[in-house]
Protein chains: 2
Amino acid sequence: MEPLAVRAEIKPSRGRLTRDAIVQAAINIIDAEDISGFSTRKLGKSLGVEAMALYHHFKNREEILAAVAEEITAEIIGIEVDYQDKSWQDQIKISARNALNVMRSHKGALSLMLEHGKISAPWMIWHERQLAILLKAGLPPKEAIAAFRAISGYIFGFTGFEMRFRPIMEKKDFVNLMIEEFKQSDYNSLKSTTEYFRRDWDDQFEAGLDLLIAGIAAQIESFNKV
Amino acid sequence: MEPLAVRAEIKPSRGRLTRDAIVQAAINIIDAEDISGFSTRKLGKSLGVEAMALYHHFKNREEILAAVAEEITAEIIGIEVDYQDKSWQDQIKISARNALNVMRSHKGALSLMLEHGKISAPWMIWHERQLAILLKAGLPPKEAIAAFRAISGYIFGFTGFEMRFRPIMEKKDFVNLMIEEFKQSDYNSLKSTTEYFRRDWDDQFEAGLDLLIAGIAAQIESFNKV
DNA sequence: ACCTGAACACCGTTCAAGT
DNA sequence: ACCTGAACACCGTTCAAGT
């Protein structure tokens, strides 16, 4: 009979690794160090395991990153509360803001989704919910898809730019650098707006969304008239 | 005196490498093999040079990729023709379509810009031109920036999704797979629209842009009324 | 079934050395 | 000034072996 101590040491390391634990550890690394700081070897180490152990749960690195993208998509749709009593405009706004907030908490989320995202269950739920809102609001299928793509494109595009450029624009010397840059140029439109670029990201996000919603509302109205 | 043949062999390899040549070679690799297939060693080999020679022209891999992102941004704004006689709506549409076309010809462009893009000269020209159109159309600075961000966000977000999901959706068995997937679900909105998803990308891009333009036009009108 | 160790082919980057 | 060769610390992944 073997000493219990040894069994006790080995037992908890048996089957300890799960897909969920791996995905969570991967998200932690990517949040802290960006995608460029992610490696299967680091991931293994953070789980107290050799990197090769991961291959028992995932086919390869690509599949791990696809699972991370799916998990973040699940986070985006998961925090959506019941809002059936709200107008379609408010429903669009609430889910858009949720998406923005989740992406803000995972800086590399968008690149991850664009490079490794699959058509996953949460991704389909996102489609389903947005389409349901737009169809119920009165858009025919074809127009609903165009509106859906416009909204999703805007949300993720805006977020992508914010993630990349906001830190640069919010640096103390950004405006001075730009003014210096513009001195010998004729970038008059940029000159007159530079100061606004670094402020009010939340308001700007909402304002852009309102433009889109106004366009959609006008289209719904035109359909109702016929 | 040394034999000329040797000098002739060595001479053309002296100063052969330029930043432009490196960037072009990098674009070729990324277009053909995606970002994941890019390495400084491959890049060197494609130029007939050791990878370490690149370090004389660029500080590191990151700087090469930033230069690639800048070059593609230059392509996006470079093909914009003179359109001063068009309406602001058409000017927005033409430049949006140009951006879409360039991104279509460089599959990995968006990820590249979001991960390695800097506030470069062509990037500023893009801002300047779009803002000039919107300011001239009648928007105050703050609203012009919101509209600019909405348009740019939409263009790049839509394009990002198209690059990632269009190839998947256009596969022959996509609709069947989705129908199979939906059989035991209540994704009713998706069910009724699945077929539309794979078609008419150009029309959908235009339709989404029209929604945004309609919203902006309404806002301009409201400013004119005051 | 689940994990390790050794190995392979590949990375980015440095540094001293060559011309 | 521009490029190479050797070296270093890292990759992703495979495979046979351990429990």
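What you see is a predicted model; the values in this text were computed from it and never measured. Just so we're on the same page: letters track the sequence lines, and every chain starts at 1.
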Please identify each residue that fulfils side-chain hydrogen bond (donor to acceptor under 3.5 Å, both in side chains) with A:Asp186, with sequence neighbours left out. none
Answer yes or no: is there a side-chain heavy-atom contact under 4.5 Å between B:Ile92 and B:Leu134? yes
Do the side chains of B:Glu63 and B:Lys118 get close enough for a salt bridge, i.e. N-O under 4.0 angstrom? no
Would you write out the dot-bracket form of DNA chain D, 5' to 3', with Watson-Crick and G-U pairs under 3.5 Å, [ ] for crossing pairs, | for pairs to other strands and . for unpaired bases? ||.|||||...|||||.||
Can you measure A:Glu50 atom CD to C:dT4 atom C1' for me and round it to whole angstrom units? 6 Å
Checking B:Phe182, B:Tyr187, B:Phe197 against A:His127 for ring-ring contact (aromatic ring centres under 6.0 Å, His included), the one that qualifies is B:Phe197
Which heavy atom of A:Arg16 sits nearest to which heavy atom of A:Val49, and what is that distance? NH2-CG2, 4.0 Å
Contacts to DNA chain D from residues 19-30 of chain B, heavy-atom cutoff under 4.0 Å, which residues? none
Reckon B:His57 has a side-chain N or O less than 4.0 Å from the OP1 or OP2 of D:dC3? yes
Name each donor-acceptor pair under 3.5 Å that joins a side chain in residues 160-167 of chain A to protein atoms two or more places apart or in another chain, with its distance.
{"residue": "A:Glu162", "atom": "OE1", "partner": "A:Arg104", "partner atom": "NH2", "Å": "3.1"}
{"residue": "A:Glu162", "atom": "OE2", "partner": "A:Arg104", "partner atom": "NE", "Å": "2.7"}
{"residue": "A:Glu162", "atom": "OE2", "partner": "A:Arg104", "partner atom": "NH2", "Å": "3.1"}
{"residue": "A:Glu162", "atom": "OE2", "partner": "A:Arg166", "partner atom": "NH1", "Å": "3.1"}
{"residue": "A:Arg164", "atom": "NE", "partner": "B:Gly117", "partner atom": "O", "Å": "2.8"}
{"residue": "A:Arg164", "atom": "NH1", "partner": "B:Glu115", "partner atom": "O", "Å": "2.9"}
{"residue": "A:Arg164", "atom": "NH2", "partner": "B:Gly117", "partner atom": "O", "Å": "2.9"}
{"residue": "A:Arg166", "atom": "NE", "partner": "A:Glu170", "partner atom": "OE2", "Å": "2.8"}
{"residue": "A:Arg166", "atom": "NH2", "partner": "A:Glu170", "partner atom": "OE2", "Å": "3.3"}

Could you encode protein contacts along nucleotides 11-17 of chain D as a string, one character per nucleotide from 5' to 3', using B for base contact, S for sugar-phosphate-only contact and - for no contact, with a heavy-atom cut-off of under 4.0 Å? BBBB---
Residues at least two apart in sequence or cross-chain that pass side-chain hydrogen bond (donor to acceptor under 3.5 Å, both in side chains) with B:Gln24, listed by chain then number, are none
note: B:Leu47, atom CG; D:dC2, atom P; distance rounded to Å ~ 16 Å
In this structure, how many angstroms lie between the C1' atom of C:dA1 and the CZ atom of A:Arg16, rounded? 15 Å
Pairwise side-chain contact, A:Ile64 with A:His116, heavy-atom cut-off 4.5 Å (strictly under): no
Residue A:Lys191 excluded, over 12 heavy atoms near NZ under 6.0 Å: yes
Check the orientation of B:Trp201 and B:Phe158. Use parallel for under 30°, tilted for 30 to 60°, and perpendicular for over 60°. perpendicular
